[in-house]
Amino acid sequence: MALLIVLAAGCAVAPPTSPTTPDAWVARQSTLARLTQWQADGRIGVVNGQDGWHASFQWAQQDPTYRIDIIGPLGQGRVTIQGDEREVSIQTQDGQRSTAPDPDLLLEQTLGLRLPVTGLRYWVRGLPAPGPTALLQTDAAGRLTRLEQNGWVIEYPSYAPSSVFNLDLPERIVARRMDLGVKLVIEQWTL
C-alpha cells in the first residue's frame with residue numbers, strides 16, 4: 001500500500017473527461033496505431049490483495065516482437081519477457097526459462113501474478129486493445145482518460161509531451177481488476 005502512496009504522490013490531476021470527441025479521438029487513434037516500434041522506460045508497481053512489489057522496467061516493442069525487462073530495486077532481480085504473437089518466454093534472474101503461447105498465463109505460472117501483457121501493449125500507448133470495449137472516455141484533445149476492457153479499468157491520470165509523432169503520450173497509467181492493481185510511470189518514450 002505504501003508503494004501506491006509513494007507512486008501516487010507525483011500524480012497530476014486528471015484532465016476533465018467528456019464523452020468521446022469523435023474527430024480528435026479518431027485522428028489520435030489513427031496516429032497511435034502507426035506507433036508499432038517504440039521503447040518505454042519507467043517504473044511499475046503491482047498490488048495483489050495484501051501483497052505488493054515495485055520495480056523498474058524497459059519495454060522495447062518492434063511489432064509484433066517485444067522485450068520487457070523488469071528490474072528489481074537496486075538491481076536485485078531481473079525478469080525478461082520476450083515474445084511475439086505466437087509465443088512468449090520468461091527468463092528469471094537465476095537463469096530459468098519458461099515458454100508458452102499465452103504471456104498472461106505464463107506470467108501467472110512463473111511469477112504467481114496474472115498481468116495483462118497482451119492488453120498493456122495497446123493500453124500503454126493510450127489505445128484500446130482489439131476487441132470489445134465496455135467504456136471509453138477521452139478529453140477534448142482525444143486522449144484516453146478512462147477505458148474499461150477485458151474486465152480491467154484503465155485510467156490515464158497524466159500525459160507528457162513527446163517527440164514521438166509530436167504527441168502527448170501516457171505518463172501514468174493505473175489499471176485495476178478485482179484486487180489486482182498495476183501502476184506504470186513512464187519516464188521516457190523513444191522510437
Side-chain angles (χ1 to χ4, degrees), residues 1-4 6-7 32-33 35-134 147-156 169-170 172-191:
M1 188 60 135
L3 165 67
L4 285 180
V6 170
L7 288 174
L32 287 173
L35 180 58
T36 59
Q37 295 185 20
W38 48 268
Q39 181 169 325
D41 299 328
R43 297 169 299 182
I44 182 172
V46 177
V47 175
N48 188 11
Q50 299 298 317
D51 298 324
W53 57 269
H54 68 285
S56 296
F57 73 88
Q58 297 170 333
W59 185 330
Q61 183 80 38
Q62 295 202 2
D63 213 10
T65 305
Y66 58 89
R67 177 184 171 131
I68 305 167
D69 289 303
I70 301 174
I71 304 117
L74 303 174
Q76 297 175 5
R78 175 185 288 259
V79 174
T80 300
I81 306 162
Q82 290 183 278
D84 57 28
E85 295 170 334
R86 292 172 279 123
E87 184 177 77
V88 65
S89 68
I90 295 179
Q91 183 170 338
T92 59
Q93 176 75 14
D94 59 8
Q96 292 191 10
R97 185 179 171 104
S98 303
T99 304
D102 182 336
D104 301 357
L105 185 57
L106 182 59
L107 271 173
E108 184 175 22
Q109 292 169 347
T110 307
L111 305 177
L113 200 58
R114 190 170 178 94
L115 294 177
V117 173
T118 305
L120 276 173
R121 172 179 160 194
Y122 296 92
W123 301 340
V124 75
R125 291 179 284 163
L127 288 171
T133 301
L147 173 66
E148 293 181 17
Q149 189 173 38
N150 300 329
W152 287 86
V153 175
I154 304 100
E155 296 177 326
Y156 297 85
L169 290 173
R172 288 180 170 70
I173 302 165
V174 179
R176 294 182 316 279
R177 181 178 188 171
M178 297 189 298
D179 63 346
L180 179 60
V182 179
K183 181 168 187 172
L184 296 175
V185 177
I186 301 169
E187 297 166 342
Q188 181 175 2
W189 282 98
T190 53
L191 286 179

| Within the side chain of E85, is there an N or O that forms a donor-acceptor pair under 3.5 Å with the backbone of P64? | no
| How about R121 and D63: do any of their side-chain heavy atoms sit closer than 4.5 Å? | yes
| field | Where P103 and T118 come nearest, the two heavy atoms and their spacing | value | CG-OG1, 3.5 Å
| task | Would you indicate whether the side-chain heavy atoms of Q188 and Q39 approach each other to under 4.5 Å? | result | no
| query | What distance do Y156 atom OH and I173 atom CD1 have between them, rounded to the nearest 0.5 Å? | reply | 5.5 Å
| Looking at A55 and I71, what are the two nearest heavy atoms and their distance? | CB-O, 3.1 Å
| query | Is there a side-chain contact between W38 and L169 (heavy atoms, below 4.5 Å)? | reply | no
| request: Output the distance between atom CZ (R177) and atom CD (E148), rounded to the nearest 0.5 Å. | output: 12.5 Å
| 4.5 Å side-chain heavy-atom contact, D102 and V88 | no
| For Q149 and P130, which heavy atoms make the closest approach, and how far apart are they? | NE2-O, 4.1 Å
| message | Using side-chain heavy atoms (C-beta onward) and a distance below 4.5 Å, is W59 in contact with I70? | response | no
| query | Can you check whether T80 reaches Q82 side chain to side chain, under 4.5 Å on heavy atoms? | reply | yes
| said: Once rounded to the nearest 0.5 Å, what's the spacing between atom CH2 of W189 and atom CG of L35? | reply: 6.5 Å
| message | P116: which residues meet the side chain to side chain contact (heavy atoms under 4.5 Å, CB included) condition with it, sequence neighbours left out? | response | L120, W123, W152
| message | I need the minimum non-hydrogen distance between A33 and L127, along with the two atoms involved. | response | N-CD1, 3.9 Å
| task | Nearest 0.5 Å please: distance from the CD atom of Q58 over to the CG atom of D41. | result | 5.0 Å
| field | Value rounded to 0.5 Å, distance of CG in L184 from CZ in R172 | value | 11.5 Å
| remark: For G126 and P170, the nearest pair of non-hydrogen atoms, with its separation, is N-CG, 3.8 Å
| query | Are there more than 12 heavy atoms of other residues, nucleotides or ligands under 6.0 Å from atom CD of Q62? | reply | no
| remark: Per side-chain contact (heavy atoms from CB on, under 4.5 Å), I81 is matched among T110, I68, D69, L115 by I68
| Spacing of CD belonging to Q37 relative to CD belonging to Q61, to within rounding of 0.5 Å | 9.5 Å
| request: Would you name the heavy atoms of A129 and G119 that are closest together and state the gap between them? | output: CB-CA, 4.3 Å
| query | Do T65 and D84 have a side chain donor and acceptor closer than 3.5 Å? | reply | no
| said: For a 4.5 angstrom cut-off between non-hydrogen side-chain atoms, does N48 reach W53? | reply: no
